[in-house]
**Student:** 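There's a structure below that I have some questions on.
Below, chain A is the first sequence line, B the second, and so on; all start at residue 1. Bear in mind that the values here come from a model prediction, so they are computed numbers and not experimental data.
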Amino acid sequence: MPRTVLEPRFQVEYLSILDSDGNLDTALEPKLSDDELRALYRAMVLGRRLDERMVRLQRQGRIGTFAPIKGQEASQLGSVFTLRPTDWMVPSFRETAAMIRRGWPIEKLLLFFAGYLEGGQPAPDQHDLPVTIPVATQLPHAVGLAYAVQYRGDDAVVMVYFGDGATSEGDFHEALNFAGVWQVPVVFVCQNNQWAISVPLKKQTHSKTIAQKALAYGVPGLQVDGNDVLAVHAAAREAVDRARAGDGPTLIECVTYRLGVHTTADDPTKYRSEEEVRAWERKDPLTRFRAYLEKKTLLEDGLEQRVDADIAAAVARFEAMGPPDPLTLFDHLYAELPPHLAEQRAELERRLRAGAAPAAPAPETPPSATPMRGQRLTRR
Amino acid sequence: MARLNMVKALNLALAQEMERDRDVLILGEDVGVDGGVFRVTDDLQRTFGSQRVIDSPLAEAAIIGTAVGMALYGLKPVCEIQFSGFAFQCFHQVENHAARYRLRTQGRFHCQMVIRMPYGGGVRALEHHTESEEQFYAHIPGLKMVIPSGPRNARALLASAIRDPDPVVFFEAKALYHAAKEEVPDEPETFPIGKARVVSEGRDLTLVAYGAMARVALEAAEQVRAEDGAEAEVIDLLTISPLDRETIVRSVAKTGRAVVVHEAARSFGPGAEIAASIMEGAFLSLEAPVRRVTANDVAFVGFAREKAHVPDAARVVAAVRETLAF
């Protein structure tokens, strides 16, 4: 018997509205107000300049390792701008600009990257999850949140971020599958920045696009120029509207590029060429959006200086915070401190007190010169 | 009061907690129409609907991962992992997130959720269906680990676990599902998590056990009482983590001797932690080394050889006699 076609051929679309040469598709141009356009550009400038500031802070040892966003401003801000405060945002670890847009104070993010979990504490009314580092593990959380939204009959959409590397993880596939089966209001935003540390996309997947992976799960998938903030916004708007209308999840693949290091502990010269980076620098999302706003005479004078002043003020607030009490490390493990942790807490408290106290008096008899069996001869 | 086996008792707890709180929902493989492969969730989908008793796709990581998301929103999911041997496919979600979310967000979010899984041997099941690997969960800060030993405490502890604000891993011994019936009160009942029970008093030796091994320990205690005239005090832990060290230490301070029984492999198992707690808390009372009667340090051997693997009363009696004679 001849084989029969069960599904018509899938099509994967690519969306671009404002290309790197400044060409604009006016038919597709999203209808954003002047204020929205200005806010979007300001957020992109803030993202870029904070990133540069954070690299310097890391090099100076004032914060620890972090993942810069340079080059990905349009992907994350074009998408996050379509959310309401009552919607939910679930980041991975490279969404600094999007997180600031969602209301995370800069000093809190700095605190997180300085090694304090206090920096991962969302405000009581904030519908945001914290930075999540194990790759793709946050995707099922977004689906669960979306299930809960639907279960309670609330009006909210969940947007979750991840990179191209995450699409190789089981959690990505399981999350898309559950979201498809449950038809819950979640938007998957993949920032395909071409590199998962040193592994290029072609070694990550044999698929032509990441967007098409959604189709196998019965979920719409769309590829978009991730350096075109207008295209990302339009794609995200469509997906958010679909989710809000009860028509289920969407996967958006933002084709972008990590212009900087994977993290401040990474040296990309080991695995990619300068030419490649320079080619992508010509597609910089800020350059083309700036030109677009210039034509509309929406550029603000002194924007960079004002953004820098805001960053400087946040850094000053961060540095004024002082180290939190080490004893608080036991505070949030359980709702109530179990006895064994109360004991360990008391032990630490004694150690801290002893550390602060003057050195103990010398023992009355000095230790014998001949070491006992098992006693260390070396001093550490 | 009704006489129920452990399956029916667990089902009663689930039904009553769902009745009591609309935020409680169940998800897992085959938990809906089929009522779970052990029938613990029987009829619940018919009563509470498919939105609350969710037949999920077959993926352990997403069962736990989506349950974490539901819990962050304020729901109280009760997940069923069909067999504990399959839980390694969701272990990262348990360790990275369920156990840590309160800490990660410094109290802003937490995961009030229960992860139920059948564990242990004695039911002639296939490979990967018979593990007893509670030590992995007991080792994770932020989790609670509960293992009931009979219908009444299973029902009461499951109700407590569902109401507990912290994530609870709840192991159910397959060997106990249909082993015995017990009077279970009709009205909802809870037992405190983190409290062990002295189920049989004695002055000569302390037997520490839990889950299916609690019955084995009791059987051994009865045998040495009848044959040797020795009185073993039997402690049923009920909660593995946080461990009720106080009850164990108090008993060993009285008896001076202890034998720990578990179905988990010996090395780095719960017995090691219990023995260390006895050393720390009752060293000067000890008359003999703490003995462990456990499974061998091999992966589960297949049911044809499980009698050589899972501790039974004869092995416990032998260890008790050696400890008494030390």
**Student:** Under the side-chain contact (heavy atoms from CB on, under 4.5 Å) criterion, do A:H332 and B:T105 qualify, and how do the steps go?
**Tutor:** CA-CA 8 Å; A:H332 298 292; B:T105 60; over 6 Å; no

**Student:** When heavy-atom pairs shorter than 4.5 Å are enumerated against chain A, which of B:R22, B:R104, B:R102, B:H110 gives the highest number?
**Tutor:**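 Among the listed options, the one with the most contacts to chain A is B:R102.
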
**Student:** Which heavy-atom pair separates A:A335 from B:D166 by the least distance, and what is that distance?
**Tutor:**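 The answer is N-OD1, 3.1 Å.
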
**Student:** Quick one: closest heavy-atom pair of B:T66 and A:F178, and the distance?
**Tutor:** CG2-CD2, 3.9 Å

**Student:** Relative to chain A, which segment of B:Q51 carries a heavy atom at a distance below 4.5 Å: side chain, backbone, both, or neither?
**Tutor:**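 Both parts, backbone and side chain.
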
**Student:** Taking side chain as everything from C-beta outward and backbone as N, CA, C, O, which of these in B:A67 sits under 4.5 Å from a heavy atom of chain A? Side chain, backbone, both or neither.
**Tutor:** neither

**Student:** Describe, in one word, how the ring planes of A:H141 and B:H97 are oriented to each other, choosing from parallel (under 30°), tilted (30 to 60°) and perpendicular (over 60°).
**Tutor:**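 Judged by the thresholds at 30° and 60°, the geometry between A:H141 and B:H97 is perpendicular.
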
**Student:** Considering only heavy atoms, which portion of B:I140 lies under 4.5 Å from any heavy atom of chain A: side chain, backbone, both, or neither?
**Tutor:**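 Interface part for B:I140: backbone (N, CA, C, O).
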
**Student:** Indicate the atoms forming the closest heavy-atom contact of B:P141 with A:L333, along with that distance.
**Tutor:** CB-CD2, 3.7 Å

**Student:** For a 4.5 angstrom cut-off between non-hydrogen side-chain atoms, does B:E246 reach A:P339?
**Tutor:**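 They are not in side-chain contact.
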
**Student:** What is the minimum heavy-atom distance between B:I54 and A:Y147, and which atoms define it?
**Tutor:**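 Looks like CD1-OH, 3.2 Å.
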
**Student:** So B:Y73 and A:W88, side-chain contact (heavy atoms from CB on, under 4.5 Å) or not? Walk me through it.
**Tutor:** CA-CA 10 Å; B:Y73 203 83; A:W88 287 77; 3.4 Å; yes

**Student:** Between A:D171 and chain B, with a heavy-atom cut-off of 4.5 Å, which part of the residue counts as in contact: side chain, backbone, both or neither?
**Tutor:** side chain

**Student:** Can you give me the closest heavy-atom contact between A:W182 and B:P57, atom names plus distance?
**Tutor:**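 What the structure gives for the nearest pair is NE1-CD, 4.5 Å.
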
**Student:** Nearest heavy-atom pair of B:F109 and A:Q126: which atoms, and what distance?
**Tutor:** CZ-O, 4.3 Å

**Student:** Could you tell me the separation between the CG atom of B:L72 and the NE2 atom of A:H127, rounded to the nearest 0.5 Å?
**Tutor:**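 It is 12.0 Å, given to the nearest 0.5 Å.
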
**Student:** Heavy-atom cut-off 4.5 Å, strictly under: side chain, backbone, both or neither for B:L27 against chain A?
**Tutor:** side chain

